[in-house]
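Okay, structure first, notes after.
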Number of protein chains: 2
Amino acid sequence: MRKTISVAPDSTHCSTCALSELCLPLGMSREQRVKLDQLITKRIQVKKMDALFHLGDKVEAVYAIRSGSIKTQLEDAAGRAQITGFLLPGEIAGLDGLIELQQPSHAIAMENTEVCVIRLDEMDALAPHLPILQQQFRRLMSKEIQRSHQMVMSLGLLLSEQRVAGFLLNMSQRLSALGYSSTQFVLRMSREDIGNYLGLTLETVSRLFSRFGREGLIRVHQREVQLLNLDALRELAGASCD
Amino acid sequence: MRKTISVAPDSTHCSTCALSELCLPLGMSREQRVKLDQLITKRIQVKKMDALFHLGDKVEAVYAIRSGSIKTQLEDAAGRAQITGFLLPGEIAGLDGLIELQQPSHAIAMENTEVCVIRLDEMDALAPHLPILQQQFRRLMSKEIQRSHQMVMSLGLLLSEQRVAGFLLNMSQRLSALGYSSTQFVLRMSREDIGNYLGLTLETVSRLFSRFGREGLIRVHQREVQLLNLDALRELAGASCD
DNA sequence: CGGACTCTTGAACCATGTCAAGGCGTGTGG
DNA sequence: CCACACGCCTTGACATGGTTCAAGAGTCCG
């Protein structure tokens, strides 16, 4: 289910949002953020497992995650899915859809999720009065390009153990930026999703989680993860086999 | 070697450029393109094998390829390269560098190459007077995100033969958009570069070129390629193993 | 409490990598 | 203009990381 709601005047806006240091308002002054408030007039609530948008849907907006989390996935010619990202609060979904007028990917909620709707036409209308908005939006798009390139590198160059260690560290770092613990968290996705994202099978991910556990690097119980030795994980992820 | 030259008043500008249907001017009216001419005041010529920019260089501009071709590559922790793209005329280099002020990648000319310099500060200055510029730039960035996601899918999901067939078709399609033959062209990169880009070894690429040759799909002689059976290649690239 | 997921673990297999040898082409210096 | 050397490509034999297939154990939820 997908429910659209208007942002009540007394509700939280960009200017008062806890995520403003990660999301679109990053780098803006108090006044600039107040201007930005005009832009966000609608939110959408998506239930766990439901889609924020589907491949082929008309593109009219991008979506800033306010709470919850979303996975985005492409489909290949044979209908198999490739997950291209797990989005957390403060991150933007739909950045790959701004060429054609059709979404090239699905966006599916991994838990009950709320997003802020950023309409493209309204962004263009506001932009001349808020030039920093374009710059920040450009930065967010560039970041996605960089992230995706890193992913290509990971898939092209790294061993499975390096990818999995890197994945855990990446989650840790992003969750800690949101104010959560960097060493203890709950994965919102299945082993299969992690494997798909990392270009591995769910069995390989499971085996590596078990091995890392045996080696004392992490503790895993179902989707709860504890990172016990960040340095060792970093070495595993970063250092090459030399 | 890397030589900066000013654009002479009587030289080709965006408004008269042959690439205008692919590059930044796409979708602009005659008048809008004339405005865009102000933006491009410098070009850079880069010799084969030399760098347009290096990892760590300060970011002040992005670069539209005017002639020649460029490969962009990241470096992993161990110093190994991962090629993230082969850029042809009309395509833009440096889109991944707009967050930090440092280039996250190297851009290396695969042949003698000339690029138009698009300074970010000048783009921001021009934007309020040319709103379509922002939109087109956004489209180009979105396209790069989409392309990179496709690459992730290819690396995550496809067999080597599908990746290589897909690569040939992709080159064919882009070269034909530039007015070249879609069935006969010269690859500007080595087998090693192709392999690196596709997450394979040069031996695997070579073996597949040979096999496709034996099967009558293509003819290869060194870096010259002829596509003899586009449909069969498409089937190979697109259809899954079912 | 039962049924359906989801995860773990083992064993066999295979796609692709690694290592090694040789061929082709091109440019350079004698 | 030839010969030699170097880089790039091809091909073969073998090694291996990761997949596939299969069985069983938790865990969640109605």
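Hydrogens, waters and symmetry mates are skipped; everything else that's a heavy atom, side chains included, is used. Reminder, nothing fancy here: chain letters follow the sequence lines and each chain counts from 1. This structure is a prediction, so every number in the text was calculated from the model and none was measured.
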- Parallel under 30°, tilted from 30 to 60°, perpendicular over 60°: which one fits the rings of B:Y197 and B:F86? tilted

Take atom [atom1] of [X] and atom [atom2] of [N], then tell me their distance rounded to the nearest Å.
{"X": "B:N196", "N": "D:dC9", "atom1": "CG", "atom2": "P", "result": "13 Å"}
{"X": "B:I194", "N": "D:dT10", "atom1": "CD1", "atom2": "C1'", "result": "14 Å"}
{"X": "B:E224", "N": "D:dC8", "atom1": "CD", "atom2": "P", "result": "18 Å"}
{"X": "B:L159", "N": "D:dG18", "atom1": "CG", "atom2": "C1'", "result": "13 Å"}
{"X": "A:R191", "N": "D:dC28", "atom1": "CZ", "atom2": "P", "result": "12 Å"}
{"X": "B:K48", "N": "D:dG7", "atom1": "NZ", "atom2": "P", "result": "14 Å"}
{"X": "A:Q222", "N": "D:dC29", "atom1": "CD", "atom2": "C1'", "result": "14 Å"}
{"X": "B:M189", "N": "D:dC9", "atom1": "CE", "atom2": "P", "result": "11 Å"}

- Message: Students often get this wrong, so: under 4.0 angstrom with heavy atoms, is B:R223 touching a base, only sugar-phosphate, or nothing?
- Response: sugar-phosphate

- Message: Under 4.0 Å, counting only non-hydrogen atoms across every strand here, what does A:G195 touch: a base, just sugar-phosphate, or nothing?
- Response: nothing

- Along DNA chain C, first and last positions that approach a heavy atom of chain B under 4.0 Å: C:dA15 to C:dG25

- Which residue, A:H221 or A:S160, contacts DNA chain D at a nucleotide closer to its 5' end, judged by nearest heavy atom? A:S160

For residues [X] and [Y], is any side-chain donor paired with an opposing acceptor at under 3.5 Å?
{"X": "B:S105", "Y": "B:T72", "result": "no"}
{"X": "B:S182", "Y": "B:S176", "result": "no"}
{"X": "A:E144", "Y": "B:H149", "result": "yes"}
{"X": "A:H106", "Y": "A:E75", "result": "yes"}
{"X": "B:E114", "Y": "B:S67", "result": "no"}

- Note on the structure: Note: B:G85 and B:R147 closest approach over all heavy atoms is CA-NH2, 4.0 Å

- Message: If you compare all heavy atoms of A:L95 against all heavy atoms of A:L140, which two are closest, and at what distance to 0.1 Å?
- Response: CD1-O, 4.0 Å

Would you give me the side-chain donor-acceptor pairs under 3.5 Å for residues 220-227 of chain B, sequence neighbours excluded?
none

- Give me the residues of residues 200-213 of chain B where at least one heavy atom lies under 4.0 Å from an atom of DNA chain D, by number, or none. B:L202, B:E203, B:S206, B:R207, B:S210

